[in-house]
Amino acid sequence: MMTALDSPPVGVVLDDIVRNHRPRSAAGSVPRGIPHLSSPPFDRFGIAVATTSGEVFSSGDADVPFSIQSISKVFSLAMALGAGNPDALWSRVLREPSGTSFNSLVQLEVEHGIPRNPFINAGALVVTDHLMEKSPDAAAEVLRFLAGQVGHRNEGKGPFIDELAAGTELAHSSRNLALAHFLTDFGNLRRPAQAVVENYVRQCSIMMSCTEVAKAGLFLAQDGQGAQGTVVSPSQAKRICSIMLTCGMYDAAGEFAFRVGLPGKSGVGGGILVIVPGECSICVWSPRLDSKGNSLAGTAALADLSDRTGWSVF
Ligand code: GLU
């Protein structure tokens with residue numbers, strides 16, 4: 001672990017990370033099937049760190065909003081657990097890495113409609129369905145929660161849902177709809193499949209900057225305490241981080257743990273949220289992805305940052 005005497009200030013380290021990791025070519029890929037994510041500038045790169053002592057450091061394109069996509073699954077899970085009766089949710093979704101792609105249908109069929117974990121699409125659909133029992137517009141609830149953590153409660157500021165992008169993605173959501181119908185058939189979805197997928201896709205289409213995502217994730221580094229009080233209990237915060245470590249990076253959770261040594265959750269918009277328990281929450285964003293769907297430059301930057309700072313759970 002770095003000490004105050006032998007380490008440069010965090011802001012200086014972040015500037016250096018941006019200099020070294022901002023992509024210089026269009027290496028990597030963009031997601032298929034989500035039209036609005038098909039042509040982002042390849043050289044976008046931002047990073048932000050929100051600390052438990054209340055400081056926020058950032059560099060590069062850290063204030064440019066991007067599509068958080070599957071990072072939203074961390075927040076909807078926390079909201080579902082924080083609302084009480086976690087056992088009801090855990091009877092409907094497991095906590096095992098899936099070993100298959102995030103939107104696979106095969107495993108769900110073989111395993112009788114119980115998704116492996118809340119971060120694959122089938123699991124996230126169950127979480128959304130669970131949230132919809134309390135509030136039919138679950139995506140708006142997730143947005144409200146995020147705005148509260150970030151400290152923006154005014155219209156036109158802070159996180160927002162890109163409704164146009166959500167609409168376009170919905171028109172290409174045959175696979176997510178198929179997953180939802182499978183879940184319905186197995187008795188593991190209570191709301192209509194179409195409504196659940198709509199809420200899920202709108203939640204994925206939330207736009208936030210690295211600075212905002214880092215602030216929003218800070219409760220996980222603070223035993224569940226967020227900007228507006230308790231989000232989840234300390235034990236639930238620990239468990240969410242555990243699921244991030246084992247299931248947060250698609251089919252590359254092992255490789256990410258090996259390189260970075262921290263719980264993380266990535267989205268196909270190129271963002272990655274990483275938690276250093278007790279220390280800080282980090283968000284990096286760069287849109288081009290590796291073969292597993294994780295930000296190419298973002299993953300490399302986090303490995304570098306972890307090595308330089310000693311931030312790791314190991
Ligand atoms: N909205 C995307 C989907 O459901 C999310 C993908 C992701 O970021 O993992 O396919």
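Just the heavy atoms: all of them, side chains too, but no hydrogens, waters or symmetry mates, feed the values below. Order of appearance sets the numbers: ligands from 1, and atoms from 1 within every ligand.
If you number the atoms of ligand 1 from 1 as listed, the ones under 4.0 Å from a heavy atom of Asn121 come out as 3 (C), 4 (O), 10 (O). Shown in contact with Glu169 at under 4.0 Å from a heavy atom are these atoms of ligand 1, numbered in order with element: 1 (N), 2 (C), 3 (C), 4 (O). Residue Ile34 approaches ligand 1 through these ligand atoms, each under 4.0 Å from one of its heavy atoms: 2 (C). Atoms of ligand 1 lying under 4.0 Å from any heavy atom of Val268, numbered from 1 in the order shown and given with element: 6 (C), 7 (C), 8 (O), 9 (O). Here is the list of ligand 1 atoms found below 4.0 Å of a heavy atom in Tyr250: 7 (C), 8 (O), 9 (O). Atoms of ligand 1 found under 4.0 Å from any heavy atom of Phe102 (numbered from 1 in listed order, with element): 6 (C), 9 (O), 10 (O). Listed by atom number, the atoms of ligand 1 under 4.0 Å from Cys204 heavy atoms are 1 (N). Near Gly267, meaning under 4.0 Å from one of its heavy atoms, ligand 1 places the atoms 8 (O).
Panel note: side chain Arg116, backbone Pro97; a donor-acceptor pair is recorded below 3.5 Å. Ser58 contributes no side-chain N or O that, together with a main-chain N or O of Ala48, makes up a donor-acceptor pair within less than 3.5 Å. Distance alone, capped at 3.5 Å, is enough to place a donor-acceptor pair between the Asp129 side chain and the Arg190 backbone. A donor-acceptor pair is defined here as one N or O able to donate and one able to accept, closer than 3.5 Å; such a pair exists between the side chain of Asp290 and the backbone of Gly293.
The aromatic rings of Trp285 and Phe66 lie parallel to each other, with less than 30° between the two planes, well short of the 60° mark. Under the 30°/60° scheme for interplanar angles, the aromatic rings of His112 and Phe186 are found to stand perpendicular.
Among protein heavy atoms, atom 5 (C) of ligand 1 sits closest to Gln69 OE1, 3.1 Å. Looking only at heavy atoms of the protein, atom 4 (O) of ligand 1 is closest to Tyr200 OH, 2.7 Å.
The proximity of Ser70 to ligand 1, defined as any non-hydrogen pair under 4.0 Å, involves the side chain as well as the backbone. Of all the heavy atoms of Asn176, the ones lying under 4.0 Å from any atom of ligand 1 belong exclusively to the side chain.
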* Test salt bridge (Lys or Arg N to Asp or Glu O under 4.0 Å) applied to Asp15 and Arg19, step by step -> CA-CA 6 Å; Asp15 287 343; Arg19 255 192 307 279; 5.7 Å; no
* Evaluate the criterion salt bridge (Lys or Arg N to Asp or Glu O under 4.0 Å) for residue pair Lys215 and Glu55; output intermediate values, then yes/no. => CA-CA 10 Å; Lys215 283 186 185 173; Glu55 291 176 292; over 6 Å; no
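Annotation for Arg95: atom CZ counts as buried by contact number, over 12 foreign heavy atoms lying within 6.0 Å.
Residue contacts with ligand 1: Ser266 is placed with no nitrogen or oxygen under 3.5 Å of a nitrogen or oxygen of the ligand (distance criterion only).
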